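Worksheet: one structure, shown below.
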Amino acid sequence: MQRAHLVAAFLTFAALCVGVSALSVSRDRHATLEQARREFAATAHLLDEHASRAIEAGDAQLRMLLDALERWDRHDRAEGQRIQAAMRARAERLPQINGVWVLDARGRLILDSAEHPSPPRDLSDRDYAQAHLDSTRGPPPGLHVGSHLPGPGVSQGRFTISRALRDEEGTLQAIAVAGIQNTYFSQMYGEAGWGEGARLALFTSSKEKLAEWPPDSAVEPPTTAWPQPWDPPDGPAIIEGTQITAARMLTGFPIVVVASRPLAEVLAPWRERALWTTAVSGGILTGALVLFVFALAGARREDAVRAELLRANQSLDDRVRQRTADLEKALRSAEMASLAKMKVLATVSHDLRQPLQGLAAFHELLLKEAPNPTLQQLGAMASASLQAGQRLLDDLLTLSRLEAGVVPVEISAFPLAPLLDQLAAELRGEAEGKGLRLIVMLTTAWVLSDPARLQPILRNLLSNAVKYTARGGVIVGARRRGDGLRVEIWDSGQGIAAAELGTIWEEFYQIGNPARDGSRGAGLGLSIVERTAHLLGHPLEVRSRVGRGSVFAVTLPRVPAPAVPAPMAVARSADPAPLSRAAESSPGRLAGRRVLVVEDDPLQRSSLTLLLEQAGAGVMAAESFDSALAAAQATLQAPSAILSDYRLPGGTDGLSGIQTLRGVLGREVPAILLTGELSADLVRAAKDAGCLVLTKPAAPNRILSTLAELTAGADAAA
């Protein structure tokens, strides 16, 4: 190889190495900044929520005080003492409130939570007094936020919120003021561990500082990141100068929370990684330089060792080809692994549900044939264990479907009352067995939702209310809230501690079950409720008092009832229902029906055949639709219904096989797909084809009941 070629190769390699390193460092820096922006947007959101709760609590005290002032005859000193005592008691209960006082219409102090009677003082020069007294500033403010004394508010140790009491003509009667400790916010910010360089602050909408952390840190209001009225409520963090800054305006209050952090602190981990990348690149270039020097030395001896170099080059080409082949094989393996990961959800669903379906059917048949009471008792316990396993599998797969975003949603308008009545009927027996009153308040409201998804939300909340209530009762009712309808479930149970209200929606979390008693479930119900409600866009709320009970509420969009409302069929439950005594005593419910069973698994096919034959049906069982078509043509009899698996051998799935068989028979035979698939596309395709879908493992009674409904009125066959 000539020297010019070697030089060009080295320079090209060096340029590529430097370019790749620079690109990697640049992408890493961009990712680090984006992560920091998301984190600080979340930080601002947390500050927003904390400050909102603190200010709302103070504002609630002002509103209660104004209500008391409106009824107070100021000549009644005893009433004044009572109001002052109530002011003090409320202020002492709230750590953020430093004091509460009242001014008259001329700005003079008439009540003070610190002492009674309050000393005569003229406070008309205070900013909160001026805000309500000065009528030249425009319409009077609702809630005013400002400093306690003239001058900077932070150095005073507190700031103020105030409201005015006006009569029907708008004349000022009194001004109620509450002092808010800014150290309350500073202490919380300091304990949160935002980072050494973090700067957190509260400002008024006019950019007056109210509280900050660290103290005396000279936090300035941002310019670019300052929220404007037209900005979205969840605006991102913004890089402003040498800081990453996020600012949010409190909903309903003229207060802005600001969180910022130096770019140098945010980018410190990135700088360390960049140094490592540079060091690695330098090592590679050094190695390449050494090789380049040796190559040049070899080039000087090229004429003498040309033949040897040709052999070496040939060997090098072979190694490069082998290495390329190895890399291509590794790439194909990685692609196959990625595809396998994408199929895990479907495989787990199908392969776990498949044996459970046969087990449920064989277990049901075994119970019917076991006359021994002891075997019946053991069978009942085995049935309970099987149902617990099925519920856990269903919950896990439902949670996986929600996380994967494959749950279909069909929004429609429907009356709420039938849905509530059905849920109450399902749980009334359990409630009465515990001596509880289960009351459903009447409602004529119509809502906009997916009834098939809303039903398990309300069922889970109502079932939990009955399960965790030992005495008293459970009340279900609906209240209008603006354009929405708030469905509330009240119970008189054990209640939930305030510290646990934020964690009850987490997976596998159960209150008071450290030993993981399986009879109390797996702790996935509320996680599914929370994710399903989020999917539907229905806000969830919970309030609780330990020893008094809890209130769970879900808010739905409300729509007007139609002039001639159509009857609504409440969606069936997706949970396998246990076989009732009535079902056990009706073995001939499918008498005279001919059911075609298409299932490639021999055990599954045998269990379904035995189950249907015990119910009185004539069964044609086949492992594929080719065999099923041949059997139907041989007997010259069309089946009353088709019960088919979805995954079948030979490249034909259950849905296409059903449609082909219908075409050959020339009639729309009722059909059920019995499958463990989780695909939302399959559910839609089955609905379009007029097929019902039962998810494995389906309870035997569910299969028989569905077939009985589909074939009701069919001609009996001998």
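Just so we're clear, the structure is a prediction, and the values are computed from it rather than from any experiment.
- Here the side chains of Cys17 and Leu285 are in contact, with some heavy-atom distance below 4.5 Å.
- With hydrogens and angles disregarded, a donor-acceptor distance shorter than 3.5 Å links the side chain of Arg662 to the backbone of Val669.
- To the nearest 0.5 angstrom, Ile642 atom CD1 is 7.0 Å from Leu665 atom CG.
- Across all non-hydrogen atoms, the minimal contact from Val598 to Ser624 is CG1-C, 3.8 Å.
- No side-chain donor-acceptor contact under 3.5 Å links Ser24 to the backbone of Val20.
- Of all heavy-atom pairs spanning Glu623 and Leu648, the tightest one is O-CD2, 4.1 Å.
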Using the side chain to side chain contact (heavy atoms under 4.5 Å, CB included) rule, take Thr675 and Leu682 through it: C-alpha gap first, then chi angles, then the decisive distance, then the call.
CA-CA 10 Å; Thr675 178; Leu682 174 60; 4.2 Å; yes

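- Here the side chains of Tyr646 and Val693 are not in contact, with every heavy-atom distance at 4.5 Å or above.
- The shortest side-chain heavy-atom distance between Cys691 and Ile658 falls under the 4.5 Å cut-off.
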With side chain to side chain contact (heavy atoms under 4.5 Å, CB included) as the test, would you mind laying out the steps for Val554 and Val529 before giving the verdict?
CA-CA 10 Å; Val554 56; Val529 165; over 6 Å; no

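- The CG atom of Leu458 sits 9.0 Å away from atom NE2 of His538, with the distance rounded to the nearest 0.5 Å.
- Here the straight-line distance linking atom CD of Gln243 with atom CD1 of Ile239 works out to 11.0 Å at 0.5 Å rounding.
- Around the CZ atom of Arg27, the shell of radius 6.0 Å holds no more than 12 heavy atoms that belong to other residues, nucleotides or ligands.
- Of all the heavy atoms in Phe625 and Ser644, the pair that sits closest is CE1-OG, 3.5 Å.
- Atom CG of residue Leu674 and atom CG of residue Leu692 lie 11.5 Å apart, to the nearest 0.5 angstrom.
- With Ser656 contributing its side chain and Asp653 its backbone, the two residues share a donor-acceptor pair below 3.5 Å.
- The heavy-atom pair separating Ala452 from Pro456 by the smallest distance is O-CD, 3.1 Å.
- With Gln322 as reference, Asp326 is the one residue of Asp318, Thr324, Asp326 to meet the side-chain hydrogen bond (donor to acceptor under 3.5 Å, both in side chains) rule.
- Using a cut-off of 4.0 Å between Lys/Arg side-chain N and Asp/Glu carboxylate O, Glu34 and Arg29 are scored as not salt-bridged.
- Expressed to the nearest 0.5 Å, how far OG of Ser607 lies from CD1 of Ile703 amounts to 8.0 Å.
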Do Leu694 and Leu673 pass the side chain to side chain contact (heavy atoms under 4.5 Å, CB included) test, and can you show the C-alpha distance, the side-chain angles, and the key distance before you say yes or no?
CA-CA 6 Å; Leu694 293 181; Leu673 274 180; over 6 Å; no

Would Leu267 and Leu33 satisfy side chain to side chain contact (heavy atoms under 4.5 Å, CB included), going step by step from the backbone distance to the final call?
CA-CA 8 Å; Leu267 293 176; Leu33 289 177; 3.7 Å; yes

Could you give me the CA-CA distance, side-chain angles and deciding distance for Lys687 and Glu410, then say whether salt bridge (charged side-chain N to carboxylate O under 4.0 Å, His left out) is met?
CA-CA 12 Å; Lys687 182 178 179 181; Glu410 298 182 3; 2.7 Å; yes

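- Residues Pro227 and Arg248 are not in side-chain contact: their nearest non-hydrogen atoms beyond the backbone lie 4.5 Å or more apart.
- The heavy-atom pair separating Ala264 from Arg271 by the smallest distance is O-NH1, 3.1 Å.
- In this structure the side chain of Ser412 reaches within 4.5 angstrom of the side chain of Pro451, judged on heavy atoms.
- A side-chain donor-acceptor contact under 3.5 Å links Arg605 to the backbone of Glu599.
- Closest approach of Asp450 and Ile411 over heavy atoms only: N-CD1, 3.7 Å.
- Contact annotation: the side chain of Leu661 approaches that of Leu596 to within less than 4.5 Å [non-hydrogen atoms, C-beta and beyond].
- The line from OG of Ser449 to CZ of Arg453 is 10.5 Å long, rounded to the nearest 0.5 Å.
- With hydrogens and angles ignored, the 3.5 Å screen pairs a side-chain donor or acceptor of Thr32 with a backbone N or O of Asp28.
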